[in-house]
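First comes the structure, then the notes that go with it.
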There are 6 protein chains.
Amino acid sequence: MDLEALVRAALDEDIGGGDVTTEACIAADATSTGFLIAKQDLVVAGQAAAAAVFAEMGVQYAVEHDDGAEVSRGTIVARVSGNTRGILTGERLALNFLMRLSGIATNTREHVQAADGAFSVIDTRKTTPLHRTLEKAAVRAGGGKNHRFALYDGVLIKDNHLQACGSVKDAVSRARAAAHHLLAIEVEAETLEQALQAVDAGADCVLLDNMDDERLRESVDALKGRVRIEASGNMTVERLTQLREKGIRPDQVSIGGLIHQARWVDLSLELD
Amino acid sequence: MDLEALVRAALDEDIGGGDVTTEACIAADATSTGFLIAKQDLVVAGQAAAAAVFAEMGVQYAVEHDDGAEVSRGTIVARVSGNTRGILTGERLALNFLMRLSGIATNTREHVQAADGAFSVIDTRKTTPLHRTLEKAAVRAGGGKNHRFALYDGVLIKDNHLQACGSVKDAVSRARAAAHHLLAIEVEAETLEQALQAVDAGADCVLLDNMDDERLRESVDALKGRVRIEASGNMTVERLTQLREKGIRPDQVSIGGLIHQARWVDLSLELD
Amino acid sequence: MDLEALVRAALDEDIGGGDVTTEACIAADATSTGFLIAKQDLVVAGQAAAAAVFAEMGVQYAVEHDDGAEVSRGTIVARVSGNTRGILTGERLALNFLMRLSGIATNTREHVQAADGAFSVIDTRKTTPLHRTLEKAAVRAGGGKNHRFALYDGVLIKDNHLQACGSVKDAVSRARAAAHHLLAIEVEAETLEQALQAVDAGADCVLLDNMDDERLRESVDALKGRVRIEASGNMTVERLTQLREKGIRPDQVSIGGLIHQARWVDLSLELD
Amino acid sequence: MDLEALVRAALDEDIGGGDVTTEACIAADATSTGFLIAKQDLVVAGQAAAAAVFAEMGVQYAVEHDDGAEVSRGTIVARVSGNTRGILTGERLALNFLMRLSGIATNTREHVQAADGAFSVIDTRKTTPLHRTLEKAAVRAGGGKNHRFALYDGVLIKDNHLQACGSVKDAVSRARAAAHHLLAIEVEAETLEQALQAVDAGADCVLLDNMDDERLRESVDALKGRVRIEASGNMTVERLTQLREKGIRPDQVSIGGLIHQARWVDLSLELD
Amino acid sequence: MDLEALVRAALDEDIGGGDVTTEACIAADATSTGFLIAKQDLVVAGQAAAAAVFAEMGVQYAVEHDDGAEVSRGTIVARVSGNTRGILTGERLALNFLMRLSGIATNTREHVQAADGAFSVIDTRKTTPLHRTLEKAAVRAGGGKNHRFALYDGVLIKDNHLQACGSVKDAVSRARAAAHHLLAIEVEAETLEQALQAVDAGADCVLLDNMDDERLRESVDALKGRVRIEASGNMTVERLTQLREKGIRPDQVSIGGLIHQARWVDLSLELD
Amino acid sequence: MDLEALVRAALDEDIGGGDVTTEACIAADATSTGFLIAKQDLVVAGQAAAAAVFAEMGVQYAVEHDDGAEVSRGTIVARVSGNTRGILTGERLALNFLMRLSGIATNTREHVQAADGAFSVIDTRKTTPLHRTLEKAAVRAGGGKNHRFALYDGVLIKDNHLQACGSVKDAVSRARAAAHHLLAIEVEAETLEQALQAVDAGADCVLLDNMDDERLRESVDALKGRVRIEASGNMTVERLTQLREKGIRPDQVSIGGLIHQARWVDLSLELD
């Protein structure tokens, strides 16, 4: 579902047979101008979605601050102009996109600042159904990077695959035989021993899951230079800071919470 | 978009051309059983969505705890059995639904407990695009009630409508003339004066927005019995407790944060 | 299904792989002008649908008489200009919309004139599947008003609900608990006794169904001022006239026949 | 759009987010039986559509009288059994199909009886958008026959084509060159002279449009045996009777009014 | 599925979540010009599809040689200009259409030249699913003609129908009764005897299937002037030449291989 | 578009409003059995698509030889049983899938046999729009392997990217920065020099395009062990044999012609 289709379906969800209030109260040919304003400090994301909402409503949408911009409370992030009914009927959906996605970007930015370049901060597949493209873009707006998009563009052998498959070696060799040559193979490991098996089996990347700092340091030391190293599990802003300060440096840390622990930030639309 | 269509589109988002890992590692006819387990205390929501995901994958899904149940960490909320590939490929999407929606139910439950029956706790239209039906059901699972579903099943005249329309009186009379006789009319008011104008104009409900405790008490006292009263704006668990304790009792309090400040709770799928 | 989607699907129904006749007989770059003309006195409705058909065909469509206009035989209601193939291929569908919907508007106008302001004349859910939005707009074009649009934007407890539910009281109280606060509740009653039970149970509106004049008068007298009163059942132009002349005045009369007893009126497209 | 898709879209139109009344008043697991009963004499049509509606609702639907059956007032035409909510929520749409389509079949039957085998009674492309398959089936249920389904399965050169194309001869020869060999060619003629030109040009069928009885008799006499003859224009039950009695016998008479002058007949659903 | 929908679905197939390479390597606002060039002698077909692909990508597409043109190796058949990303991302799909369809046109042209006007060369329903409209247009670009488009716009009684139905006579008379008057009837015959039965039963066309030259000559001689004659079965360029040289002249020869034995021809896109 | 959707759309293309012939000639409740038989030696592919067609028609389909099986002329590859109308109406589409896809598998098998294990034989993105999943499965059925599926699951920097981007080094480093860590990077090179630049820039794979045997040998010798090597350009069965015999061994050879030079093989459906 591309952005245009998503926006149309979402407008249909909210408008259905019609916006009774607006159609009753506002003349069909009335026009207005207005603006979207940050009600708190935030990192902008979702401008393309908000623009698509107003484009569907036939309303002009002029971006003042692009995705990725850090803006303070009271900043106007975009201006609208056009048919008043269109503005009022599209308002809620546009804000729902902007508030959600800017919330993710803002949350990601905090994690990236905690990492301070010691390792990449990347997302996961724990995303809101049908919103993955937008949410992964919001992570990038916040300064994070993306893991694979979905089940089809990367091999990630997880604990349940290993349990169902038998051995790390079998799993990796089957994956190598089945996947085309441009897909790399990553293996989730809960212990250094598993990680080393994965390396021996030919994995391109190991995912060290749920290790405490000491086990993580030991594993990174043992694996560095032999394979790409990803760490995950309970990774908060505090933990990232701690890893950085302790000098524990996997290549990348993956954090579902960039998206799923983010809260909406506050923006509103006001008419001039 | 009904639940089945939503689930199919979401599976398409995650699977696309195929789950490379699972297809490579797991035999096509392998079967497994497993369970979904709460990794923290939570209120369950989203069982229908999770069931729909596994139904699409051809996997049996047996609910152990229905939406609305409070379960403690370690509780099995559902069991799966069937084709191993189906279980592993559907796992993430099913969990994405359950973790999000249970997060909303859990968050709502806290608010409802704070209200303790002094007023209804209801949601808003600040919902995730295309997920409104599910999110509003999660609010009910948490013990909350729903506001109108969308722009078509209720009249809510907000500040921007009033600004564009002119007077409260005009807005209400236009809405009464245009809306069919089974739709009631609510008017957002920032002052008691506005609220009284709305009542005089024939509104069925007033929405007292962003008032502090004293102004809210004054308004509720003045309006009680003459019109349905809704309060909103910065309504947290703490504020609800405070209103209840102070005896300030609108008929209902609407809170966008039931949904948009909820964080995902943690559940996982494990194979037997 | 919005108007654009409806029109596309309808064009696909009629054109499918191609308009063999027009493609064979008319040069691809030929252009023409023409007009749509009333072949009988009628009330116009369906201009938006006709315009949407020709827009899809890339043909200019200029409305001469808007929905709601009463025009006499021989009046040009719209003009077309553009690609000849587009005009001829779209002709039938545009006329099918206009003839149907103007038929409904014309029929509604007769009923509204019979009521002469004594009560509102409103439609029902007896509409052609997928055409409800258009048909309800045609009723408005004829001077009628709309009942609820569908099952989701109003509560109407009918005889079968009462039979399955048990008592009027239970039905109304369950509806009040389940429906959000902006939806009013209407109850169908075949006797004054039932109507009074509904009022006692808190119904906002009663639907007096299939009563003869005397029973209707008695019920209206007993209920007036206590609840909104709707009458229905065998309501023809003659019956409306009779009710008006007898001074029997419910608030509104609902008539499925506005739509389902309407016949198409005659219009045709002619090239200049 | 096939029947299943049509029914789903129509249910979505009527139910949308939910049937508030039924969900409130009726327990989710309640079951009922009931029947659909003719409230007037009629010819049945639309059983497949009604069945499809209830199938979508998970309700058993047992046909008592197939499409084409003549039934008298009080006859049960089908029985339903299953989930009470499903029955009540699907009731209106099923009846909307049955009442419309049986109306068309009943109306067609009258015309066919008037023709009494003297000529075929056939329909036109004046059908309700998206309902053509159902309406043409209703015409067959009434004993009529169908003209071409749409613009792609037959060549019909009408007055506007002739005007835009120039001569009958050119139009027919272009059509013969462009259409594949299994499509026959029909030409609309307002005079015998035009009809003869069409025959000379190689038309397979001529459509004598809007002729009075004498001109029609003259034309049929002149053309009989040389080409298939269709008559149309103001063809009512009375006119058909008159043509038959006068011995004026084209091969077929096409009548838009079979469909567009039909009124819904009355049926209702009652619970046992 | 119309051309626009086909192209959108095909772009979705190829692009999905994004063209990783182009998005990484090419600046979002870079622009380029380029051309599509024939790498071998060929007959052009598919320009509308290629144009639709680039239109979706927002790229200008200027046709240099229309469908049906014979061009030699090194000829530029179209030019593109616009956003570089759009050009590169759309390149493959546009070429996939052009190479396939020009292959069909080129192959058809050879067959048509072999027939040299002795009989029409027509296609069959052996087409690539969802590509029939395009493939049949490519046959016309190559100089061939089309058989019926699909199962709905012509009656073709084949061997399996005859086997299941019983007799030729029954099959034809049932078809005549059921099909509307603008659909002609063709019968497949493996022997002259069957063909004569079909003629006696009223068939408009006979399809002489898999006859050798002598049986074909005998049948054509016996049937000529009484019915339209189509021949099929193992019809290659060589066989067509042979039939023409021997003076065996059915009205038309149908050849699945126009489409299904065609190979893609070579074209490429080059940037200036 | 998944297989079920593809099959439904393809049936709609062929059946549309109905199979006039079959509906006329065959009783609605007639049943038959039959079989699909190879009319030439071939490698089977497309059984899932054929099965999906008959499943839509409500016909049982029993596979006798799975995808990948080599069968000789006269072999029954599947059996059908069920409603006769369903069999006859679905016949053409099922065969269109089987004949196309078995043609691709058969063609691929010849190439794979020529390679005889000296290198992998892989496909390209030169596939029929909307049929890529099926065509790539047919390549695997023939013994070939797949290249990336689409633009989103692998980075392939081609000549046009290099021309638009500037240098190999820049292109690779941009791709590495933008692509997630599980996507490998391949660069097209027309000379050994370019290939070495790609290796230096960090490419995971080089595509040696259109080199003659000597240049290809030289390049493979220089690159072996440093990077994955793919060769392409004018790769026929003869060329593969020649490369193998000369001992020129890239890791893989990609061949668009596996798919686009394949011709349909012959199968037919016969009733018992």
Side-chain angles (χ1 to χ4, degrees), chain E residues 1 6-7 9-10 13-26 30 32 34 84 88-89 91-93 95-97 99-100 125-132 150-152 154-158 160-161 163-165 170-171 174-175 177-179 183 256 260-261 263-264 269-271, chain F residues 1 6-7 9-10 13-26 30 32 34 84 88-89 91-93 95-97 99-100 125-132 150-152 154-158 160-161 163-165 170-171 174-175 177-179 183 256 260-261 263-264 269-271:
Chain E
M1 189 179 286
L6 178 68
V7 162
E13 179 188 58
D14 199 27
I15 305 178
D19 177 349
V20 193
T21 311
T22 300
E23 287 164 25
C25 297
I26 312 294
S32 298
T84 308
L88 295 184
T89 300
E91 169 186 348
R92 181 75 269 137
L93 180 59
L95 286 171
N96 285 357
F97 277 119
M99 290 166 71
R100 292 189 79 245
R125 280 172 48 244
K126 292 176 183 168
T127 58
T128 306
L130 300 189
H131 290 257
R132 189 172 285 168
L151 294 167
Y152 51 76
V155 177
L156 177 45
I157 300 169
K158 307 193 73 171
N160 280 337
H161 294 106
Q163 180 173 344
C165 180
D170 279 2
R174 287 184 198 172
L183 290 185
H260 68 54
Q261 298 300 306
R263 292 170 162 177
W264 293 23
L269 183 151
E270 300 182 15
L271 297 183
Chain F
M1 189 178 287
L6 177 68
V7 162
E13 179 187 58
D14 200 26
I15 304 178
D19 178 349
V20 194
T21 311
T22 300
E23 287 165 24
C25 297
I26 311 294
S32 299
T84 309
L88 295 184
T89 299
E91 169 186 349
R92 182 74 271 137
L93 180 58
L95 287 172
N96 285 356
F97 277 118
M99 290 167 69
R100 292 189 79 244
R125 281 171 49 244
K126 292 176 184 169
T127 58
T128 306
L130 301 189
H131 290 255
R132 188 171 284 167
L151 294 167
Y152 51 75
V155 177
L156 176 46
I157 299 170
K158 308 194 72 170
N160 280 336
H161 294 105
Q163 180 174 345
C165 181
D170 278 2
R174 287 183 197 172
L183 290 186
H260 69 55
Q261 298 300 305
R263 293 170 161 177
W264 293 23
L269 182 149
E270 300 182 16
L271 297 183

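Below, read A as the first sequence line, B as the second, and so on, with proteins coming before strands; counting in each chain starts at 1. Here the structure is a predicted model, which means the values were calculated and not measured.
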Backbone N or O of F/Leu130 within a donor-acceptor pair of the E/Glu13 side chain at under 3.5 Å?
->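 Yes.
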
Can you check whether F/Ile157's main-chain N or O pairs, donor with acceptor, with E/Thr21's side chain at less than 3.5 Å?
->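 No, the answer is negative, given that no donor and acceptor are paired below the 3.5 Å cut-off.
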
Of the backbone (N, CA, C, O) and the side chain (C-beta and beyond), which part of E/Ala164 lies under 4.5 Å from a heavy atom of chain F, both, or neither?
->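 Its backbone and side chain both get close to chain F.
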
Identify which part of E/Arg100 has an atom lying under 4.5 Å from any heavy atom of chain F, answering side chain, backbone, both or neither.
->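 E/Arg100 touches chain F through side-chain heavy atoms alone.
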
Distance check, rounded to the nearest 0.5 Å: [X] atom [atom1] versus [Y] atom [atom2]?
X	Y	atom1	atom2	answer
E/Met1	F/Leu6	CE	CG	8.0 Å
F/His260	E/Leu95	NE2	CG	10.5 Å
F/Ile26	E/Arg174	CD1	CZ	7.5 Å

Specify whether E/His131 and F/His131 have parallel, tilted or perpendicular ring planes, treating 30° as the upper limit for parallel and 60° as the lower limit for perpendicular.
->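 Correct class here is tilted.
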
Greatest number of heavy atom pairs closer than 4.5 Å to chain E - which of F/Gly17, F/Ala10, F/Cys25 =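 Heavy-atom pairs under 4.5 Å are most numerous for F/Cys25.
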
Looking at F/Val7, F/Thr127, F/Asp170, F/Leu269, which makes the most heavy-atom pairs under 4.5 Å with chain E?
->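 The residue among F/Val7, F/Thr127, F/Asp170, F/Leu269 with the greatest pair count is F/Thr127.
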
Name the one of E/Leu88, E/Ile15, E/Thr22 that satisfies side-chain contact (heavy atoms from CB on, under 4.5 Å) with F/Leu151?
->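 Only one of E/Leu88, E/Ile15, E/Thr22 forms a side-chain contact (heavy atoms from CB on, under 4.5 Å) with F/Leu151, namely E/Ile15.
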
Against chain E, label [X] side chain, backbone, both or neither, depending on which of its atoms sit under 4.5 Å from a heavy atom there.
X	result
F/Leu183	side chain
F/Glu91	side chain
F/Thr84	side chain
F/Ala171	both

Name all residues meeting the side chain to side chain donor-acceptor pair (under 3.5 Å) criterion together with F/Arg125; count only those two or more places apart in sequence or in a different chain, and write none if there are none.
->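 By the side chain to side chain donor-acceptor pair (under 3.5 Å) rule, F/Arg125 matches E/Asp14.
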
